[in-house]
Colleague: 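Pasting a structure below so you can have a look.
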2 protein chains.
Amino acid sequence: MGKVSTRQHIIERADQLFYERGFEATSFADIAQAVGISRGNFYHHFKKKDDLLDAVVERRMANTRMMLDQWASAFPEPKDRIRAFIQILIVNQAKIMAHGCPVGTLCAELAKLEHVAQNSARQIFGLFRDWLAEQFRSLGRTQGAEALALHLLGRSQGVTALAMAFRDPAFVETEVAALERWLDSIDQPALPQDQPS
Amino acid sequence: MGKVSTRQHIIERADQLFYERGFEATSFADIAQAVGISRGNFYHHFKKKDDLLDAVVERRMANTRMMLDQWASAFPEPKDRIRAFIQILIVNQAKIMAHGCPVGTLCAELAKLEHVAQNSARQIFGLFRDWLAEQFRSLGRTQGAEALALHLLGRSQGVTALAMAFRDPAFVETEVAALERWLDSIDQPALPQDQPS
DNA sequence: GTCTATATGGGGATAGAC
DNA sequence: GTCTATCCCCATATAGAC
């Protein structure tokens, strides 16, 4: 407690800078300066930039899991849990208008670089997809749960993309309201006690 | 005719490479090689990389205008025009899964770089927004036309984002079908001959 | 207009002293 | 674990011959 390790400190700052400026555009000099260490010290903790990227992706995975667990604890109702997901767009509105979605923009950048870490980055999306699908299943949508999850994930990605381009808070709020109406309109079938055939 | 100017050739190749690899990740050496000229010759045509970016954005603007005009000529019905927009996701499916949307990914990259060309890039989105809004207005949606346009633009951006991350053709097709159902469900009010008050 | 140098700077990465 | 010093490469950009 109190003081985090230098390694952890590097990962945190790199996470932030990769998000704000992008992976490639962030140099070791940038991170070293943000952390307050020399560039040389850097290589004691991470041999290659890709190693650091792996650590950052791992951190984001862990943080995502924590956030999803927290929502699950805080909200017993699946719809409230899904609403919490939608509300990220409002809670992080300023950051999203400035730098987009951390997951989406990283995946896009790594795809263009044909970077090996593409697969790990996509798994963060996978966490959201699976968690959302679980909530839709709890709502009785046992069949199309994954499609619903991907639909919602896509809708939120679309909002972040245009939020970044146009920087219009009103657009974000309009779309969030539309998403919440969409969620409310999801029919909640009676619990299937008897399953035909 | 026949042979395009070297300048034009550079712009075309840069356009393609900026899309496939990203703006920053594409070097003059890459473009020079693709065009088949020396790096030195390059600077005869463009003093700075940013000048080339401007030219590429201008080209994309012009190409977008041409495409929209072409759709307007080919389809008299607004719904068919909007359908043509939605169908880009199918027509360019392979490229989108590999490199995303050319406009969205460029805007995202420039936003992170805090690049001055951000404003020009966003105007490409503006072309789509305004053209789509006009189609919705033709459908009788005189009030919420722009919101509908942004909604559709956002939905399509969301599809490209997840298409790039998951590379799942089935997802794209499912979402395109959903978008077409959404479009069909847009009520087409009777032409407002008498306007209250 | 096109080429071959070349200048200059920044990036990732290493060696080795403390 | 942290530092300074350094290597090497590649990027943008320039100068000047053809």
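Small disclaimer: the values here were computed from a predicted structure and weren't measured. Residue numbering restarts at 1 for every chain, and letters A, B, ... go by the order of the sequence lines.
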Colleague: Salt bridge or not between A:D187 and A:R141? Use side-chain N to carboxylate O under 4.0 Å.
Modeller: yes

Colleague: For the pair B:D184 and B:R181, find out whether any cationic side-chain nitrogen is under 4.0 Å from an anionic carboxylate oxygen.
Modeller: no

Colleague: Would you check if the distance from the ring center of A:Y43 to the ring center of A:F28 is below 6.0 Å?
Modeller: yes

Colleague: Using the ring-ring contact (aromatic ring centres under 6.0 Å, His included) definition, which of the options A:F136, A:F125, A:W71, A:F85 pairs with A:W131?
Modeller: A:W71

Colleague: Once you round it to whole Å, what is the distance between P of D:dA11 and CG of B:L52?
Modeller: 15 Å

Colleague: Tell me which residues in residues 26-41 of chain B lie within less than 4.0 Å of DNA chain D, going by non-hydrogen atoms.
Modeller: B:T26, B:S27, B:F28, B:R39

Colleague: Is there a donor-acceptor pair under 3.5 Å between the side chain of B:R21 and the backbone N or O of A:K112?
Modeller: no

Colleague: To the nearest Å, give me how far apart CZ (B:F23) and P (D:dT12) are.
Modeller: 9 Å

Colleague: In whole angstrom, give the distance that lies between atom CD of A:E24 and atom P of C:dG10.
Modeller: 17 Å

Colleague: Expressed in angstrom and rounded to an integer, what is the separation of A:F46 atom CZ from D:dT2 atom P?
Modeller: 12 Å

Colleague: Return the value, rounded to whole Å, for the distance between atom NE2 of B:H44 and atom P of D:dA15.
Modeller: 15 Å

Colleague: To the nearest Å, give me how far apart OH (B:Y43) and C1' (C:dT4) are.
Modeller: 15 Å

Colleague: Hey, could you give me the CD/CZ distance between B:Q135 and B:R137, rounded to the nearest 0.5 Å?
Modeller: 9.5 Å

Colleague: May I have the distance from B:K49 (atom NZ) to C:dT8 (atom P), rounded to whole angstrom?
Modeller: 22 Å

Colleague: Return no unless some side-chain N or O of A:H45 is found under 4.0 Å from OP1 or OP2 of D:dT2.
Modeller: yes

